[in-house]
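Following: one structure in structure tokens, then a few remarks.
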Amino acid sequence: MSNISAKKLNANFYKKDAKYVAKKLLGKILVRTVADKLLAAKIVETEAYLAHGDESCHASKGLTQRNKTMFFTGGVLYVYLIYGVHYCCNIVTGKEGEGEAVLLRAVEPIENIDEMFVNRFGEKEITDKKLLLLTNGPAKLCDALSITKEDDNTNLLGNNIYILDAPAISEDKIITTTRIGITKSVDLPLRFYIKNNPFVSKK
DNA sequence: TACTAGATCGGCT
DNA sequence: GCCGATCTAGTAG
């Protein structure tokens, strides 16, 4: 559909703290190129994982083989395997050595949706019901956009995976809640999503 | 609609 | 061994 003429977010965007970036990422366009196909989706739900005072952040226990990407300078992708089954995709933020990131929890499919269906369901047939289930969860969107451990540490300023700027979502359309699916630091208000967007993982 | 189990990898109490 | 930033299929009500 639409021609994507917007500009990539620059390196400075990602160097702010995770909480700030998590909110600013709402409404931006996540782009992934596989072979000659360009998949695009709007970010509608995020969660921040902080370097300090956040027990559920993977980096809170220090650097390990698995989480080392989180400690790089903001602007790379951190992908990890959860429950031995699914991948989750994060945007690393902050300065080098900090160890914080923004988890992408849900996106709204925009371009080459049939290709996303193939990636996730193994079929091109698009139905309204399945469309809502295509990318409304952190592991689902990784599936649909074909993001795996191979993509860990991908620089978002490159051409493989990147994020395009888009008009900011106004404050009154951003809902803030506690995060989902964690057992530590559960009370921190670090989940953000776009009000009334049908692709959000959970109200 | 609501809860439950199972899949299955890697890092660590 | 154990548990996790998840999802799906199955069962029960």
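None of the values given here were measured: they were computed from a predicted structure. Lettering of chains follows the sequences in order, A, B, ..., and the numbering in each one begins at 1.
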Atom pair distance, as rounded to whole Å: [atom1] in [X] and [atom2] in [N]:
| X | N | atom1 | atom2 | value |
| --- | --- | --- | --- | --- |
| A:Ile82 | B:dG11 | CD1 | P | 13 Å |
| A:Ile182 | C:dC3 | CD1 | C1' | 15 Å |
| A:Leu190 | C:dA5 | CG | C1' | 12 Å |
| A:Met70 | B:dG11 | CE | C1' | 15 Å |
| A:His86 | C:dC7 | NE2 | P | 6 Å |
| A:Glu55 | B:dG11 | CD | C1' | 16 Å |
| A:Asp143 | C:dT8 | CG | P | 8 Å |
| A:Tyr83 | B:dT4 | OH | P | 15 Å |

Taking only side-chain nitrogens and oxygens of [X], does any of them come within less than 4.0 Å of OP1 or OP2 of [N]?
| X | N | result |
| --- | --- | --- |
| A:Thr183 | C:dG4 | yes |
| A:Arg66 | B:dC9 | no |
| A:Lys140 | C:dT8 | yes |

Hey, does [X] reach any base, or is it just sugar-phosphate, or nothing, if we go heavy atoms under 4.0 Å?
| X | value |
| --- | --- |
| A:Leu103 | base |
| A:Asn67 | nothing |
| A:Arg120 | sugar-phosphate |
| A:Arg105 | sugar-phosphate |

#### Entry: Aromatic ring of A:Tyr49 stacked on base six-ring of C:dA5, 5.5 Å, 30°
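A stacking contact exists, since A:Tyr49 sits close and nearly parallel to the base ring of C:dA5.
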Could you tell me whether [X] and [Y] make a salt bridge, using a distance below 4.0 angstrom between a side-chain N and a carboxylate O?
| X | Y | value |
| --- | --- | --- |
| A:Lys8 | A:Asp165 | no |
| A:Glu47 | A:Arg179 | no |
| A:Glu100 | A:Lys19 | no |

### Query
Hey, are the side chains of A:Asn119 and A:Leu39 touching, using non-hydrogen atoms and a 4.5 Å cut-off?
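Side chain of A:Asn119 against side chain of A:Leu39, heavy atoms only: contact under 4.5 Å found.
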### Query
Just checking, any donor-acceptor pair under 3.5 angstrom between side chains of A:Lys15 and A:Asn10?
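Not at all, the side chains of A:Lys15 and A:Asn10 share no donor-acceptor pair under 3.5 Å.
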### Query
Could you state the interatomic distance from OG1 (A:Thr135) to CZ (A:Arg120), rounded to the nearest 0.5 Å?
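With rounding to 0.5 Å, OG1 (A:Thr135) is 8.5 Å from CZ (A:Arg120).
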### Task
Is it possible for you to check whether A:Lys130 lies under 6.0 Å from the centre of the six-membered ring of A:Phe117, through NZ or CZ, and within 45° of that ring's axis?
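Judged by the rule (NZ or CZ under 6.0 Å from the ring centre, within 45° of its axis), A:Lys130 is not positioned above A:Phe117.
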#### Entry: All stems with DNA chain C, defined as three or more consecutive Watson-Crick or G-U pairs under 3.5 Å
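Paired runs of 3+ in DNA chain C: B:1-7 with C:6-12, B:9-12 with C:1-4.
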### Query
P atom, B:dA5 versus C:dG13: distance in rounded Å?
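That atom pair is separated by 15 Å.
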